[in-house]
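Read through the structure below, which is laid out as structure tokens, and then see the notes.
This structure is a prediction, so every number in the text was calculated from the model and none was measured.
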Amino acid sequence: MTQKKETSLHQSDLEKLDILRGVPRESVFGLLENCPLKIVESGEILLSAGQTNQTMFMILDGQLDVHLENPKNEPVAQLEAGQIVGEISVIDNSPASAYVVAAAPTRVLCVDEDTFWRLVKASHEFAVNLLLLLTERMRASNTTIRHNVRLKKQFERDATIDGLTGLHNRRWLNETLPRLVSRCQKGTKILSIIILDIDHFKKFN
């Protein structure tokens, strides 16, 4: 039997939210209590990549998965109670950049664009927390980018180096030879090519 999730906002809900850490409750509760609560069922898509979004979602309980390109792909991140999603779209008025899907029944507080900016103006602590959260996400993105660049270089090397001999393969020759020929035609150096045909190489292979 599944437990029915609470559909009204309480002061205790706000204590879970990182974005409200150190924020006087009296300065924001009046703004947040009128925001709608939404129950996102397991498997339901909350945000779609390319979709216009003007809402920041505060996760009160449950879990959301973040997917790139396709919601059926493996999630690249998981968002849990206390976190927020959708805030970047609200800030720069751009479409969502990923799919956000409920991994379990999830209760979110839906903060529209107008209320979002009123919160920023009403509470210095809220604005600071928002800035810190965005900084954390930017650092995480930079780490992911560096990791992907290293993987790309490794894949490129693996694609052009024969794993058995450590020598460049046919793909490397196809990609590199035209550049070498062009460079020699423009310069004064002569291009020399040696081709070897090794008998019975399959035995070694």
Side-chain angles (χ1 to χ4, degrees), residues 1-49 51-68 70-92 94-120 122-144:
M1 181 177 177
T2 57
Q3 183 178 0
K4 185 177 179 181
K5 288 186 176 293
E6 182 62 55
T7 55
S8 57
L9 183 67
H10 299 284
Q11 288 274 0
S12 57
D13 289 321
L14 305 184
E15 297 173 1
K16 309 172 184 176
L17 298 167
D18 295 336
I19 191 72
L20 298 183
R21 190 182 299 120
V23 177
R25 299 295 178 261
E26 62 275 8
S27 66
V28 297
F29 189 77
L31 294 171
L32 295 176
E33 66 178 344
N34 294 320
C35 293
L37 278 164
K38 177 180 176 64
I39 306 297
V40 191
E41 299 297 340
S42 182
E44 182 181 348
I45 297 176
L46 178 65
L47 290 173
S48 296
Q51 173 191 55
T52 300
N53 174 57
Q54 296 178 320
T55 304
M56 177 181 69
F57 299 97
M58 297 180 172
I59 306 171
L60 302 180
D61 47 57
Q63 179 181 304
L64 300 174
D65 286 345
V66 180
H67 304 259
L68 298 179
N70 191 316
K72 294 182 180 180
N73 292 345
E74 286 295 314
V76 296
Q78 293 181 331
L79 304 174
E80 300 178 344
Q83 296 182 281
I84 59 174
V85 67
E87 74 288 346
I88 294 178
S89 295
V90 176
I91 292 172
D92 65 6
S94 63
S97 59
Y99 291 89
V100 179
V101 184
T106 302
R107 191 165 56 110
V108 297
L109 184 65
C110 308
V111 181
D112 61 51
E113 183 179 11
D114 179 62
T115 304
F116 174 87
W117 290 115
R118 290 172 68 188
L119 286 167
V120 171
S123 172
H124 171 75
E125 292 84 358
F126 178 90
V128 170
N129 288 342
L130 178 64
L131 185 59
L132 290 174
L133 288 170
L134 292 175
T135 301
E136 288 176 7
R137 293 192 177 176
M138 184 178 296
R139 289 187 183 278
S141 296
N142 289 342
T143 300
T144 301

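- Residue Glu87 forms a side chain to side chain contact (heavy atoms under 4.5 Å, CB included) with just one option from Leu130, Ile19, Asn53, and that option is Leu130.
- Using a 4.5 Å heavy-atom cutoff, the side chains of Glu15 and Arg25 are in contact.
- Proximity of Leu134 to Ile88: side-chain heavy atoms (C-beta onward) are separated by under 4.5 Å at one or more points.
- Distance check: Phe57 CZ to Ile84 CD1 gives 12.0 Å after rounding to the nearest 0.5 Å.
- We find the CG-CZ distance between Leu20 and Phe126 to be 6.5 Å, quoted to the nearest 0.5 Å.
- Residue Leu17 comes nearest to Ile59 through the heavy atom pair CD2-O, 3.6 Å, listed as atom of the first residue, atom of the second, then distance.
- Among all heavy-atom pairs drawn from Pro71 and Ile45, the shortest one is CG-CD1, 4.1 Å.
- The two atoms that bring Gln54 and Val90 nearest to each other are C-CG2, 3.6 Å, heavy atoms only.
- Using a distance-only test at 3.5 Å, with no hydrogens or angles considered, a donor-acceptor pair links the side chain of Thr135 to the main chain of Leu131.
- Atom OG of Ser48 is separated from atom NE2 of His67 by 11.0 Å, given to the nearest 0.5 angstrom.
- To the nearest 0.5 angstrom, Asp13 atom CG is 4.5 Å from Arg107 atom CZ.
- Note that CE of Met56 and CD of Glu113 are 11.5 Å apart. Values are rounded to the nearest 0.5 Å.
- Between Leu68 and Ser97 the shortest heavy-atom distance is CD2-O, 4.4 Å.
- Atom-to-atom distance recorded for Leu32:CG and Arg118:CZ is 10.5 Å, nearest 0.5 angstrom.
- Nearest heavy-atom pair across Phe29 and His10 is CE1-C, 4.0 Å.
- Using a 4.5 Å cut-off on side-chain heavy atoms (C-beta onward), Leu64 and Gln83 make no contact.
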Derivation and outcome, side-chain contact (heavy atoms from CB on, under 4.5 Å), residues Asp61 and Lys16: CA-CA 9 Å; Asp61 47 57; Lys16 309 172 184 176; 4.1 Å; yes
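- Residues Glu41 and Pro105 are in side-chain contact: their nearest non-hydrogen atoms beyond the backbone lie under 4.5 Å apart.
- Of all heavy-atom pairs spanning Pro75 and Asp65, the tightest one is CB-CB, 3.8 Å.
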If you apply the rule side-chain contact (heavy atoms from CB on, under 4.5 Å), what do you find for Leu60 with Leu37, and how did you get there? CA-CA 9 Å; Leu60 302 180; Leu37 278 164; 3.3 Å; yes
